[in-house]
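Below, read A as the first sequence line, B as the second, and so on, with proteins coming before strands; counting in each chain starts at 1.
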Amino acid sequence: MQYDPKDIERKWREKWQADKTYQVLNDPAKPKYYVLDMFPYPSGAGLHVGHPLGYIASDIVSRYKRHSGFNVLHPMGYDSFGLPAEQYAIQTGQHPAKTTEVNIARYREQLDNIGFSFDWSREVRTSDPAYYKWTQWIFLQLFDSWYDHAAQQAKPIAELTARFATQGWHPTDACALTGDVEEELGAFTAAEWTAFDERTQQRILQQFRLAYLSEAWVNWCPALGTVLANDEVKDGVSERGGHPVERKRMPQWSMRITAYAQRLIDGLDTLDWSESIKEAQRNWIGRSEGALVRFALKNAPGHIEVFTTRPDTLFGVTFVTLAPEHELVEVITPAERRAEVMAYVTTAKNRSERDRMADVKKVSGVFTGATCIHPFTGQEVPVWVGDYVLGGYGTGAVMAVPGGDQRDWNFATHFGLPIIAVTEGADISKEADERKDAIICSEGFLKGLAVPDAITRAIDELVKLGAGERRINYRLRDAAFGRQRYWGEPIPIYYKDGVPYALPESELPLKLPEVDKFLPTAEGEPPLARAANWNYQGHPLETTTMPGWAGSSWYFLRYMDPHNAERFASPEAVNYWQQVDLYMGGSEHATGHLLYMRFWTKFLHDRGWISFDEPAKKLVNQGMIQGVSAKAYRLLYGSMSWGDHVTDETDDPSHLTGPYMFISAELRADWLKNEEDVEVNRLIDHALERHAEHLTQVYGEFPFKLFCDGSAQLKTARKLVDISVLKEDGVSLDMEALPLKDAEFRGGTFITRDGVFRVDREVEKMSKSKFNVVNPDDIISKYGADTLRLYEMFLGPIEQSKPWDTNGIEGTFRFLRKFWNLFYESDVFSVSDEAPTKAEFKVLHATIKKVTEDIERMSFNTSVAQFMIAANELGSLKCNRRGVLEPLVIALAPFAPHIAEELWEKLGHTTSITTAAWPQWSAEHLVEDNFSYPISFNGKTRLQLEFPIALDAKSVEEQVLANPEVQARLEGKAPKKVIVVPKRIVNIVV
RNA sequence: GCCCGGGUGGUGAAAUGGUAGACACGAGGGACUUAAAAUCCCUUGGUCCGUAAGGGCUGUGCGGGUUCGAGUCCCGCCCCGGGCACCA
């Protein structure tokens, strides 16, 4: 019987479902292993072949671990809240819940086709009220917590209020305050705290809560009508859609992730994650060590605080620069300079981040007219405003050391400010000296010290003078948490007298209300403001919703106990499953999802809900599977005329709505190589004539004339073609299918040499808009899911990005057929119970060894190759012994579960192969009697000589040198040296 | 600019410091077949010598180095991908 995947795969999918083969129980008797895939956002486009890559790899590991005796949790679900569904809802009026439902059904169908071992009884959806009840609950826990820096732990707000009631609060307790809280919080005594009214108390508490409401600078995206998180903004535009983003100050729910900055950095050292992801997170958190320095103001009370990583260069300070948005600018500027300074501040502030990024070179600034006092020298230092200083970073002010910092140098040079050398051997006439391995040359107590020593000394002095202290600064900002959108978790908060209060836990879930439209109200309120009775006991409810990352920050916990109505997951379940052992997903989530998930995990740990404080021990990032776009070339005419009208080549003739001319890719390439190419030019000229006639017919009246004269470059426009109209060879177009697929080709003139129109291929991101999407369903209907699974793994190392080329799939399909045929003798299932031969055992054990080791190190492409070798060799040996084939089927099962189940059943088993124990290899079957030594001269292999494996190095050397061919090569000379590495190589140095 | 990856045949790729290119795709040749499909066999980095058997040289981005021996280790550069970036 020929291997025919269609029926086999359908049969087993149905059987697995009926038998609940993949259902996982929380069984404390068995060791656990938790394999998690980053759950998908169910988009309308469905899955393409790139999506399942990681799922297949994790499925192989899951199945392998199950064969190895582990109780494996391998769940799947949907991150089903999000912008696209809402945008679609706005356009079509369809409720996002509905489209999400449809999309999920489609995803599920596609996933099922691939034969994953997901336990679907544990499916979660972030948009399901039974799920988001707990997202809201976690939010309330965050709202009810503050961060105790001394203890490095989140604690209940009640402990803080108790502390206020006994100790009050003083700003030197600042360690308790973190993040983007911008209001200055004055000191209060215990008595004052008790005397404060409710409203004041609540406002103070906002500054401590881990989920808090504050006036904050946010990334406002007018086109999307919402606030975006930092990681959702790329180069000043929204990551999704590329809409402009502006900085805006508005009341905003935030998450105090900054409190965890240090722990998020430190925790990385304990994780088996790729170095690049860890580095990305470290960069994103952006820890810098340095000092806070206070420059007392000359003509005003108070001081300017600056953060610097180089307090050792303090003697090189020649001015201080404030960010335009710095609040002291207004305070210190004397009246006579006011107009000029404020004018600059206004322009600088209005420059968008994008503009500021665009011309980094341009120096701009203005002198405030004020001065401050250098803490060491007591000299007056002028205070400037410059937009190279960022308001949102550090203190929004820098001490300028033009001798040691290039940006300060640029500023000083531009405005003619003094530049003092701070380091020995610096040539400050050309540029600043930023070396950190230098010796300080400033006059004073730092002279002669190496930079690190000078830093320590400078900080000591600052502390002594009360002018500064050691400070660690983080780039990480608190995370914006509110979205002015509909399709997200409602924030369980109501307002009394404008003060936010937590909704009682008994009110959860706070369900997403029905609204008439998914748009903001006329007053600009978020869509939830449209909902009827959107209040709690008469108090208005919060109208913003949570961002996409909320639900995904803790979902790994819900899978442990997905139907628990009393708790996000039972303590027993959490204690059993613990951390994710293997987390598989894309590296694009490096600074978003993966950071937030770590943050929430640490928080839940702090508050005692879970016993671990990192979500995933090991993280593997699967590479992207890229698409290979097909580029056709549309010929742009050099010039054209019709009737009296003449266009020249600068006119875009595309105002004619076609038909168009297209030139085959190889002709274009030939022409570009040699524009005099007679044959190509003749073809083009001929086609121009034909096409002109054609246009004349189509548009009537005027005779068209088209030119593509020699002086003009052959101009073409890139036109992407849907890859489904490509023929088998991957470059020529199916001219019948083409006009049906894409109207732009209808009636076109195609310039070809041989009647075959060819395109160029280019590796790009696989996406619908590039017409290069390959749907796994198509592959499966042709070759089956097992072939798809094998092929995706065979393409290359899992972590690498690689282009999809369906052509290579034949190889894995052939392999499965060969494998199948090992069990068949001309259409009859035929497996012998005879003992396997030595050679057969060797193939088997070599394969088990290689595959086992390869799965452990996630090298799936090489394990597939080993299976191919095994099938080829066993085929040559005509092996059909049960003793070989049976263990081999088990080894193949994680990769190709359908065919494995089928053969397993045919071998006489009545239980699923998933319950079979993983085969063990033993070294005795792998020993060789002889080894064929490569004999090399000076490292170059010249011949092979076979010796018994047991032969010692000395005897090998003797026999090698005695060999006539070796002797011939030595030409009678004695070798300088002979290296014999047993079972490896012999190298003769001459 | 800084920080991570990576660069090997026509293509995807393999290789604990020890025979570079396993395994596949593609290509070429052959067998079977009326034919096709399927299957099987051979060749396939480049280049040179030879009628042939066979052999020489060369080859893992570039230039050095360590080593008996380097795709692999070290130093310096070039290119590609990703991250960060007026971050003090």
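- The base-pairing partner of B:rC40, taking Watson-Crick or G-U wobble contacts with both distances under 3.5 Å, is B:rG30.
- Around the CZ atom of A:R969, the shell of radius 6.0 Å holds more than 12 heavy atoms that belong to other residues, nucleotides or ligands.
- Using P as the reference atom, B:rG81 and B:rG76 are 24 Å apart when rounded to the nearest Å.
- Atom CH2 in A:W409 sits about 20 Å away from atom P in B:rA88, given to the nearest Å.
- Among the nucleotides B:rG18, B:rA88, B:rA24, the one closest to any side-chain atom of A:V981 is B:rG18.
- Taking the syn range as angles within 90° of 0, the glycosidic angle of B:rG9 is syn.
- For the pair A:F813 CZ and B:rC25 P, the computed distance is 13 Å after rounding to whole Å.
- A:K983 NZ to A:L951 CG: the interatomic distance, rounded to the nearest 0.5 Å, is 13.0 Å.
- Listed nucleotides: B:rA24, B:rG69, B:rC86. Nearest to the side chain of A:Y388: B:rC86.
- Taking the nucleotide of RNA chain B with the nearest heavy atom to each of A:F931 and A:D405, the more 5' of the two is matched to A:F931.
- For the C1' atoms, the distance linking B:rC57 with B:rA22 amounts to 25 Å, nearest Å.
- Comparing the same atom, C1', in B:rA20 and in B:rA38 gives a spacing of 35 Å after rounding to whole Å.
- Among the nucleotides B:rC68, B:rC87, B:rG56, the one closest to any side-chain atom of A:R475 is B:rC87.
- Taking only side-chain nitrogens and oxygens, A:K977 never comes nearer than 4.0 Å to OP1 or OP2 of B:rG69.
- Separating the CG atom of A:L945 from the C1' atom of B:rU19 is a distance of 13 Å, rounded to the nearest angstrom.
- Along RNA chain B, the nucleotide nearest A:N938 and the nucleotide nearest A:N473 are compared for position; the residue whose nucleotide lies closer to the 5' end is A:N938.
- Rounded to whole Å, atom C1' of B:rC68 lies 3 Å from atom CD1 of A:I979.
- The cationic group of A:K278 does not satisfy the cation-pi geometry with A:W273, failing either the under 6.0 Å distance to the six-membered ring centre or the 45° limit from the ring axis.
- A 3.5 Å limit on both hydrogen-bonding distances identifies B:rC4 as the Watson-Crick or G-U partner of B:rG81.
- For residues 790-801 of chain A, no pair satisfies side chain to side chain donor-acceptor pair (under 3.5 Å), with sequence neighbours left out.
- Separation of the P atoms belonging to B:rC40 and B:rC25 is 10 Å when rounded to the nearest angstrom.
- Of the candidate nucleotides B:rA13, B:rA22, B:rU19, B:rA13 has the atom lying nearest to any side-chain atom of A:N861.
- Contact of the A:M399 side chain with the A:T313 side chain is registered, since non-hydrogen atoms from C-beta on lie closer than 4.5 Å.
- In this structure, CG of A:L314 is placed 12 Å from C1' of B:rA88, rounded to the nearest angstrom.
- The side chain of A:R407 contributes an N or O atom lying less than 4.0 Å from OP1 or OP2 of B:rC87.
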Completion exercise
5' to 3', nucleotides 3-12 of chain B under a 4.0 Å protein heavy-atom cut-off (B base, S sugar-phosphate only, - none) gives SS-------B

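- Among B:rG18, B:rG56, B:rU39, the nucleotide with an atom closest to any side-chain atom of A:R942 is B:rG56.
- Among the protein residues, A:R857 comes within range of the sugar-phosphate backbone only, with heavy atoms under 4.0 Å from sugar or phosphate atoms but none that close to a base.
- Taking both residues in full, the closest heavy atoms of A:V628 and A:I723 are given as O-CG2, 3.4 Å, listed atom of the first, atom of the second, then distance.
- A donor and an acceptor atom, one from each side chain of A:D433 and A:T423, are located under 3.5 Å apart.
- Contact of the A:E469 side chain with the A:L462 side chain is not registered, since no non-hydrogen atoms from C-beta on lie closer than 4.5 Å.
- Using a 4.0 Å cut-off, some side-chain N or O of A:R969 falls inside it from OP1 or OP2 of B:rG56.
- B:rU8 sits 4 Å from B:rU60 when the C1' atoms are compared, rounded to a whole Å.
- When the salt bridge (charged side-chain N to carboxylate O under 4.0 Å, His left out) test is applied to A:E965, no partner is found at least two apart in sequence or on another chain.
- Here the separation of B:rA24 from B:rU44, taken at their P atoms, is 15 Å to the nearest Å.
- Going from atom CG of A:L888 over to atom CD1 of A:I848 covers 7.0 Å, rounded to the nearest 0.5 Å.
- Across the protein-nucleic acid pair, A:E873 atom CD and B:rA22 atom C1' stand 11 Å apart, rounded to whole Å.
- The C1' atoms of B:rG55 and B:rA37 are separated by 42 Å, rounded to the nearest whole Å.
- The partner of B:rG76 is B:rC62, judged by Watson-Crick or G-U wobble contacts that both fall below 3.5 Å.
- Contact annotation: A:R817 reaches the phosphate of B:rU39 (side-chain N/O to OP1 or OP2, under 4.0 Å).
- When rounded to the nearest whole Å, the span between CZ of A:F860 and C1' of B:rA14 equals 17 Å.
- Proximity note for A:T941 (side chain, C-beta onward) versus B:rA20, B:rC68, B:rA14: the nearest is B:rA20.
- Taking the C1' atom of each, B:rC80 and B:rC74 are spaced 24 Å apart, rounded to whole Å.
- One finds a side-chain N or O of A:N872 lying less than 4.0 angstrom from the OP1 or OP2 phosphate oxygen of B:rA24.
- The distance between atom CG of A:L322 and atom P of B:rC86, rounded to the nearest whole Å, is 19 Å.
- Listed candidates were B:rA88, B:rC68, B:rA24. Nearest to the side chain of A:S288 is B:rA88.
- Here B:rU67 sits opposite no nucleotide as a Watson-Crick or G-U wobble pair (both hydrogen-bonding atom distances under 3.5 Å).
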